[in-house]
Amino acid sequence: MKIYVVGLGPGGPEQMTNRAQEALKASDILVGYTLYIDLIKDQFPDKKLIATPMKKEVDRCRTAVEKALEGATVAVVSSGDAGVYGMAGIVLELAEPYPFLEVEVIPGITAACSGAAVLGAPLIHDFAVISLSDLLTPWEKIEARLAAAAQGDFVIVLYNPSSIKRHDYLKKACDIVMRHQNANLPSGIVRSIGREGENYEIVSSLTELREKKVDMFTTVIIGNSQTRVINNKLVTPRGYRK
């Protein structure tokens with residue numbers, strides 16, 4: 001009776017950790033969002049696969065717990081890191097009544113780290129990660145977090161910066177940051193990290209960033225007052241050279 005909660009990393013199998021690979025090999029059943037199951041199904045053709053659509057997170061984690069209680073070894077997969085906006089929390093909550101059920105969380109590379117690597121070195125100093133999705137968090141709380149991070153001069157990583165229903169949320173976020181920071185902060189946009197079509201863009205100001213088209217597969221990193229653009233890469237010095 002065991003559940004692995006596995007972070008797959010940003011994209012292809014080459015970006016998955018060895019520990020994640022071994023956990024998936026050791027599992028009888030792989031459970032996850034349809035897109036993430038599609039990313040790994042060819043690697044594990046002998047596994048039973050259970051895929052559910054978006055907004056069925058609790059259902060898929062409940063299924064994983066039920067299968068584990070029946071005696072199977074189950075892996076619940078998330079993109080990036082399973083403990084960062086992933087499935088680890090839900091699985092642990094649902095497994096609470098069964099203390100004998102072993103749950104092991106396997107870390108992966110979250111989009112903040114993989115996106116930062118594409119952009120250069122923007123996270124060398126303190127940073128904050130904020131999701132702009134208000135599906136589970138009220139916008140007023142997201143707004144307060146953006147304002148606090150901007151006031152603290154944090155580099156800000158934005159997850160879920162836009163969707164069909166939230167097409168103007170990046171604009172809103174930039175406007176909030178500009179109330180507390182210089183509008184000329186450089187930033188970076190990374191699309192489809194670790195997957196086909198990966199590309200990045202350095203943006204010279206928040207006024208320019210607020211007009212950019214982004215989606216759920218985009219990660220945005222807004223620099224702080226020290227962030228610079230060096231040879232088309234985003235760099236936040238920590239002060240070592242001083």
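- Applying the salt bridge (charged side-chain N to carboxylate O under 4.0 Å, His left out) test to pairs two or more places apart or on separate chains, those with a residue in residues 25-44 are E22-K25, D38-K41.
- Using modelled atom types and a 3.5 Å distance limit, the side chains of T110 and Y159 yield a donor-acceptor pair.
- Under a cut-off of 6.0 angstrom, the local environment of CG in N231 is sparse, with at most 12 non-hydrogen atoms contributed by other residues, nucleotides or ligands.
- For E196, the CD atom sits in a loose shell: 12 or fewer heavy atoms of surrounding residues, nucleotides or ligands are nearer than 6.0 Å.
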For this session: Determine, stepwise, if the pair K172 / E143 fulfils side-chain contact (heavy atoms from CB on, under 4.5 Å).
Result: CA-CA 9 Å; K172 290 182 178 181; E143 185 176 39; over 6 Å; no

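- Proximity of S162 to T218: side-chain heavy atoms (C-beta onward) are nowhere separated by under 4.5 Å.
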Problem set entry | Evaluation steps, side-chain contact (heavy atoms from CB on, under 4.5 Å), between V31 and M87 | CA-CA 11 Å; V31 181; M87 296 295 100; over 6 Å; no

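- Applying the side chain to side chain donor-acceptor pair (under 3.5 Å) criterion to D59, with sequence neighbours excluded, gives no partner residue.
- Interatomic distance, I222 CD1 to I189 CD1, rounded to the nearest 0.5 Å: 9.5 Å.
- Side-chain atoms of S131 and S133 include no donor-acceptor pair closer than 3.5 Å.
- Atom CD1 of I156 and atom CD1 of I130 lie 5.5 Å apart (nearest 0.5 Å).
- Here ring pair (Phe, Tyr, Trp, His ring centres under 6.0 Å) pairs that include residues 102-149, with residues two or more places apart or in two chains, are W139-Y169.
- The side chain to side chain donor-acceptor pair (under 3.5 Å) check on T236 picks up T227, with sequence neighbours excluded.
- For E102, the side chain to side chain donor-acceptor pair (under 3.5 Å) partners two or more places apart in sequence, or in a different chain, are K2.
- Two residues are said to be in side-chain contact when any heavy atoms from C-beta on lie closer than 4.5 Å; L158 and L146 meet this criterion.
- With hydrophobic clusters built from ILVMFWY side chains whose heavy atoms lie under 4.5 angstrom apart, V77 shares a cluster with Y4.
- Note that CG of L209 and CG of L185 are 10.0 Å apart. Values are rounded to the nearest 0.5 Å.
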Problem set entry | Candidate pair N160 and R166, rule side-chain contact (heavy atoms from CB on, under 4.5 Å), full reasoning | CA-CA 9 Å; N160 306 312; R166 298 182 294 104; 3.8 Å; yes

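- The salt bridge (charged side-chain N to carboxylate O under 4.0 Å, His left out) contacts involving residues 151-163 comprise nothing, where partners must be two or more places apart or lie in separate chains.
- Contact check for Q43 versus L24: no side-chain heavy atoms found under the 4.5 Å cut-off.
- Taking a 6.0 Å sphere around CG of N18, one finds it holds 12 or fewer heavy atoms contributed by other residues, nucleotides or ligands.
- I230 CD1: more than 12 foreign heavy atoms inside a 6.0 Å radius.
- Once rounded to the nearest 0.5 Å, the distance linking CG of L123 with CD1 of I221 reads 4.5 Å.
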For this session: Please assess N232 against Y200 for the test side-chain contact (heavy atoms from CB on, under 4.5 Å), listing each intermediate value before the final yes or no.
Result: CA-CA 10 Å; N232 202 37; Y200 80 94; 3.3 Å; yes

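- Put simply, the side chain of M178 reaches to within 4.5 Å of the side chain of T207, judged on heavy atoms.
- You'll find the side chain of V5 stays beyond 4.5 Å of the side chain of I90, heavy atoms only.
- Using a 4.5 Å cut-off on side-chain heavy atoms (C-beta onward), V76 and Y36 make no contact.
- Separation of atoms CD (E201) and NZ (K212) is listed at 3.5 Å; rounding is to 0.5 Å.
- Here CD of Q181 is found 12.0 Å from SG of C174. Values are rounded to the nearest 0.5 Å.
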